Amino acid sequence: MPTNWADEVDGVEAPQTFTDANGITTHIEFRINEDGKKVKITRRTRKKLIHDKVNKAVAARKKWPKFGKERGNKPGPDPATTNVGDNIKLKLSSTGQIVQDVDEKHEAMKAQLQNKKILCRICKGDHFTTKCPYKDSLGMEDAAATPAPAEEPGKFLAAEEQQSGSKYIAPHMRAGASSGGVGGRPGSAGPDSREKRDEQPTLRVTNLSEDVTEADVSELFKRFGHISRVFLARDRETGACKGFAFVSFTMREDALRALEAIDGRGYDNLILRVEWAKSSA
Amino acid sequence: MRPILLQGHERSLTQIKYNREGDLLFSVSKDHVVNAWFSHNGERLGTYEGHVGAVWTVDVNSSSTLLVSGSADNTAKLWDVSNGKCLKSWEFNTAVRCVQFSEDDKLVLIVTEPRMGYPATLQIFSVENGTTETVSSEPVYNFHPEGPKITVAAWGALNRYIVAGRENGSVALIDPKSGQCISTNKVHELTLTDLQMSADRTYFITASKDKSAKILETESLEVLKTYTTDTPLNSAAIMPKHQEFVVVGGGQEAMDVTTTSSRQGKFECRFWHKILEEEVGRVRGHFGPINTIAIHPDGRSFASGGEDGYVRVHHFDDDFFTFKFQI
């Protein structure tokens, strides 16, 4: 019985080496692995002498002593200067296409996308849907479910194009601006501000939760266009939201878009209802 | 295939060259050193030290006894290949652009740049015995070639011509005895970057910054083949055996590399079918433009040197030799 580790090593059988008739050398050794189990390792090797004819001059050059920076170094490649790189496949093809495949695909995709207008499905902005800054407040699947924008995308594009056009158009000259709004800034306080306000396209938003603020409402609606006024009904004593708000847009198209997009959407666990505000008159 | 990476240089490679048997590979770079390597395993045989400027060009004679190198330090040096000793140093007024042994190893062609008021020269030195005592400091011929700057030059068959590639994309045939320009042909739009002779020197390949490589017949300077790529080319070489290929390499200018993505760098060696002018494959690996390509004289391996300071020696796999181009 082995009593200590030294004896244990001795207990392993001695390695054996023998060569058979075919010139195959078999080397068998026993070892105890990490789990304490005995393993048998068998290595079979065959030596073959290959004769290669080389040019005499080449053979002579192989025996040249090294010189310069390599002076005195032993024969064989020095890892400091010589390394073997990663395996590289040279794929030869007759068509001349395979190698350029990647580039062409890339180019084709580029050309395809060149004239494509990127349209966000959530806010209809000119960015990808995944990059939409409002995707958290307006879920993607909700946007897809909203039927109106999908039906008339051309209409919105037209409106957007006009906005993004290079030439500046005064708000009252813009298509869709209320014909009555002449002079004065919309929503500016004045003797007839209430009158003007009524002529602006205004939405009534109801079913807001208590802790909503003006900023939240304007955050929710400003993506659709310029908002001239946000009024949030607050409780006189507590200052909490009474559950409804008015949002006035400069442009009727924007208001319409907002109405279609936000009406019926969840916000703070409640389903918003958006409709045209009835004139207070 | 697994390339052998040779890291003997600290700066970008300018030229690499195999000797006649292909067992030795010489590389020169802007870091002043000339390296000699065994091509089969990448072992460095030694270095040739003495230049104090960027080394632009190197050549070895056919018996692999003498090496000549040309540098921006206004000298060309003759070396003993076996031990790295400098046998002779020729001084010039300007940088040496191109050096080459003649086919019979008796003459060396040296092309110097025009600079600082000095005209370009095309000089021929005799190196018949190749010892320090017998090599003359004076050229056998000294010409001042007219026209745009010569960027590359090579001897034609039987030393009957010198073929020179110029900065304006033209190729000129020069008589080595009189220095007269026999004929010229403007084959490229932009400067020639490389000119390598076929094994029998009856035709040669040129590479140019105008993104194309062309094969021309030496006698007539007639364009036989054109290989048009999508990147400026720095080098082109003809595969001597096994496959009818040419290898071209280049890439966008080093100064433009940082402004574009690496995928667009196009730092690949491209294999083109020599006869059919079709691209057949690419070998990637360099991190910068490929400055120089050389093919082993037995066609079993090739090496490329890049702006990244590496020389990569590739030994072809077996399937390379069995490949047949399907039309």
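Computed from heavy atoms alone, side chains included, the values below leave out hydrogens, waters and symmetry copies. Only a predicted model underlies this, so the values are computations on that prediction, with no experimental measurement involved. Every chain is numbered from 1 and lettered A, B, ... according to where its sequence line falls, protein lines coming before strand lines.
- One finds no salt bridge joining A:Arg223 and A:Asp254 here, because no Lys/Arg side-chain nitrogen approaches an Asp/Glu carboxylate oxygen to under 4.0 Å.
- For the pair B:Arg270 and B:Asp230, the salt-bridge criterion is met [side-chain N within less than 4.0 Å of a carboxylate O].
- Your options are B:Asn83, B:Val311, B:Ile4, and the one with the most heavy-atom pairs under 4.5 Å with chain A is B:Asn83.
- A salt bridge links B:Glu279 and B:Arg282; the closest N-O separation between the charged side-chain nitrogens and carboxylate oxygens is under 4.0 Å.
- Within residues 46-66 of chain A, the residues having any heavy atom under 4.5 Å from a heavy atom of chain B are, by residue number, A:Asn55, A:Val58, A:Arg61, A:Lys62, A:Trp64, A:Pro65, A:Lys66.
- For chain A, the nearby part of B:Arg312 is the side chain; its heavy atoms alone come within less than 4.5 Å.
- Of the atoms belonging to B:Lys85, not a single heavy atom falls under 4.5 Å from chain A.
- Using a 4.5 Å cut-off between heavy atoms, B:Val33 contacts chain A through its side chain alone, with no backbone atom that close.
- B:His40 touches chain A through its side chain: at least one heavy atom from C-beta onward sits under 4.5 Å away, while N, CA, C and O do not.
- There is no contact between B:Leu276 and chain A, counting heavy-atom distances below 4.5 Å.
- For B:Tyr18 and B:Phe26, the ring centers sit 6.0 Å or farther from each other.
- Using a cut-off of 4.0 Å between Lys/Arg side-chain N and Asp/Glu carboxylate O, B:Asp298 and B:Lys241 are scored as not salt-bridged.
- Contact annotation: the side chain of B:Leu24 never approaches that of B:Trp37 to less than 4.5 Å [non-hydrogen atoms, C-beta and beyond].
- Proximity of B:Trp272 to B:Phe245: side-chain heavy atoms (C-beta onward) are nowhere separated by under 4.5 Å.
- When atom types are taken as modelled, the side chain of B:Asp59 and the backbone of B:Val68 share no donor-acceptor pair closer than 3.5 angstrom.
- Heavy atoms of B:Ser64 lying under 4.5 Å from chain A belong to its backbone as well as its side chain.
- If you measure heavy-atom distances from B:Asn35 to chain A, you find no contacts under 4.5 Å at all.
- Contact check on A:Glu219 versus A:Lys222 returns a salt bridge, with a Lys/Arg side-chain nitrogen under 4.0 Å from an Asp/Glu carboxylate oxygen.
- Taking the ring centroids of B:Phe320 and B:Phe302, they lie at or beyond the 6.0 Å cut-off.
- Contact tally against chain A (heavy-atom pairs below 4.5 Å) for B:Glu21, B:Arg284, B:His273: the top residue is B:Glu21.
- Chain A forms more heavy-atom pairs under 4.5 Å with one residue of B:Arg44, B:Gln326, B:Glu49 than with any other, namely B:Arg44.
- Side chains of A:His27 and A:Thr45: no donor on one and acceptor on the other come within 3.5 Å.
- Ranked by heavy-atom pairs under 4.5 Å with chain A, the list B:Phe323, B:Tyr48, B:Tyr310 is led by B:Phe323.
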